[in-house]
**Student:** 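Just passing along the structure, written as structure tokens.
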Amino acid sequence: MSMAQRLLVLACSRSAGEALAALEATGQTLPPDVTWVNLPCGGSVDVLHILRALEAGAEKVWVLACYEGACESLEGNRWAEKRVQWVQALLQEIGLGPERVVFRAISPTMAADLKAWLEEE
Amino acid sequence: MIVAERKPMVEILASIQGVSRLLVVGCETCVAVCLAGGAKEVAVLSAALRLALRERTSAVEILERSVERQCEEEFNAPLAEDIAKVEAVLSMACGVGVQTLAEQFPDAIIYPALNTQFMGRPEAPGIWAERCLGCGDCVLGRFGGICPITRCSKSLLNGPCGGSSNGRCEVDPEHLECAWQLIYDRLARLGQLERLYAIEPPKDWRSAHDGGPRRTTREDLRL
Ligand code: SF4
Ligand code: SF4
């Protein structure tokens with residue numbers, strides 16, 4: 001696998017995926033060096049997905065999932081955040097910046113915030 | 001099961017310093033169940049090592065394997081070809097698995113990637129706790145199925161000590177229940193409290209590791 005990409009986004013399709021769809025409905029597109037992967041739920045993010053992405057050359061990985069209490073699978077968002085924290089600790093242990101992996105809570109209505117985050121990154 | 005946890009990455013990285021071809025081998029039995037050393041953990045550790053070594057030194061080639069039970073030579077035999085190709089092996093099995101590889105492949109350099117901790121069970125998701133010290137002369141039948149040797153911080157056979165308070169052990173009240181409270185409650189429930197009138201004699205520790213390394217022989221299984 002090769003991924004000379006700046007940013008990989010692992011996204012809960014029910015929150016972040018909807019926000020992206022709303023953004024795209026306004027004619028916006030993702031920057032070319034951003035790879036977006038919709039997952040059924042934040043809970044399906046695995047530490048290995050994140051590590052493999054970094055190994056393949058992604059500079060940063062974002063995990064976007066629902067706000068506390070908003071996950072349709074109840075706790076998928078909390079698992080997603082836990083897994084991000086676990087990878088951050090591992091990166092710290094091996095001397096890489098934990099900031100390369102970021103967890104963010106998002107809702108389907110946050111297209112404008114998503115746009116701003118992408119511009120800031 | 002045998003419970004283990006991954007060693008700190010600095011220690012693992014120090015052990016394989018200078019190695020350019022490495023085999024990481026997991027075990028699909030106890031350490032896979034306690035999420036420390038199965039195929040998944042082999043993949044995660046190997047990915048972490050590739051990331052760490054990419055930043056620091058020249059490229060390292062890492063082979064990833066996992067066997068059904070690393071403590072039995074039959075399951076390790078298919079590793080021979082891979083072991084011949086690498087400079088070192090990082091075993092994610094318990095100490096028994098690591099030693100089996102070392103005995104079986106006398107010319108291979110084998111490093112442990114885990115710290116083997118205890119015989120225990122998962123108490124809740126993400127929490128494993130010790131239950132048996134392998135004393136070789138099990139007393140569970142006299143103590144309501146609760147091991148005073150393993151679960152009492154002082155291994156008291158005629159407990160409790162004076163530090164038992166509100167069901168907690170004085171050694172670590174936050175995390176440890178008093179084993180003797182558990183024993184009392186369980187025997188009460190079973191209607192066997194009279195067992196506690198018996199004074200337990202000093203334990204003969206020769207059946208435990210104190211008597212030296214142990215082995216079991218079953219003549220009926222030998223020709
Ligand atoms: S009495 Fe001995 S064999 Fe039985 S559970 Fe305790 S340590 Fe293990
Ligand atoms: S408080 Fe209970 S478990 Fe702790 S040392 Fe005393 S008798 Fe053993």
Side-chain angles (χ1 to χ4, degrees), chain A residues 1-10 35 37 39 41-63 65 68 71 73-103, chain B residues 4-22 24 26 28 31-32 34-66 90 92 111-115 122 124-128:
Chain A
M1 178 168 60
S2 117
M3 191 190 292
Q5 290 278 337
R6 185 168 56 92
L7 172 65
L8 170 73
V9 185
L10 298 173
T35 302
V37 178
L39 298 167
C41 171
S44 46
V45 170
D46 190 90
V47 298
L48 212 43
H49 298 151
I50 302 172
L51 290 171
R52 290 261 189 267
L54 295 173
E55 246 195 280
E59 275 169 43
K60 287 192 87 163
V61 177
W62 286 2
V63 173
E68 188 96 32
C71 173
S73 311
L74 303 180
E75 289 170 337
N77 53 344
R78 296 177 63 196
W79 288 116
E81 187 168 14
K82 282 267 183 179
R83 288 168 195 152
V84 166
Q85 288 166 349
W86 191 91
V87 174
Q88 286 172 331
L90 181 69
L91 293 181
Q92 190 115 43
E93 265 199 87
I94 61 174
L96 299 186
E99 68 285 347
R100 289 181 64 181
V101 184
V102 174
F103 174 85
Chain B
E5 66 179 5
R6 199 198 68 221
K7 282 179 174 289
M9 289 301 295
V10 236
E11 187 181 339
I12 296 176
L13 284 164
S15 67
I16 59 160
Q17 204 171 19
V19 171
S20 57
R21 279 194 319 281
L22 178 72
V24 183
E28 293 307 307
V31 291
C34 69
L35 306 179
K40 168 75 181 291
E41 291 72 34
V42 166
V44 169
L45 177 62
S46 301
L49 290 174
R50 278 188 211 100
L51 277 171
L53 296 170
R54 186 167 58 189
E55 302 282 319
R56 285 187 197 167
T57 58
S58 56
V60 58
E61 190 192 332
I62 300 179
L63 302 180
E64 302 173 25
R65 301 285 182 268
S66 197
L90 198 51
M92 296 196 81
Y111 295 114
L114 303 186
N115 287 326
I127 298 177
W128 290 267

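Letters go in sequence order (proteins before strands), and every chain restarts at 1. Basis for what follows: all heavy atoms, side chains included, without hydrogens, waters or symmetry-related copies.
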**Student:** With a 4.5 Å limit on heavy-atom distance, are the side chains of R50(B) and R52(A) in contact?
**Tutor:**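 Yes - at least one pair of side-chain heavy atoms lies under 4.5 Å apart.
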
**Student:** Select all residues of residues 80-91 of chain A having any heavy atom within less than 4.5 Å of some heavy atom of chain B, and report them by number, or 'none'.
**Tutor:** W86(A), L90(A), L91(A)

**Student:** Name the residue from L13(B), I12(B), V10(B) that meets the side-chain contact (heavy atoms from CB on, under 4.5 Å) definition with I94(A).
**Tutor:** L13(B)

**Student:** Which heavy atom in L51(B) sits nearest to a heavy atom in L51(A), and how many Å separate them?
**Tutor:** CD1-CD2, 4.0 Å

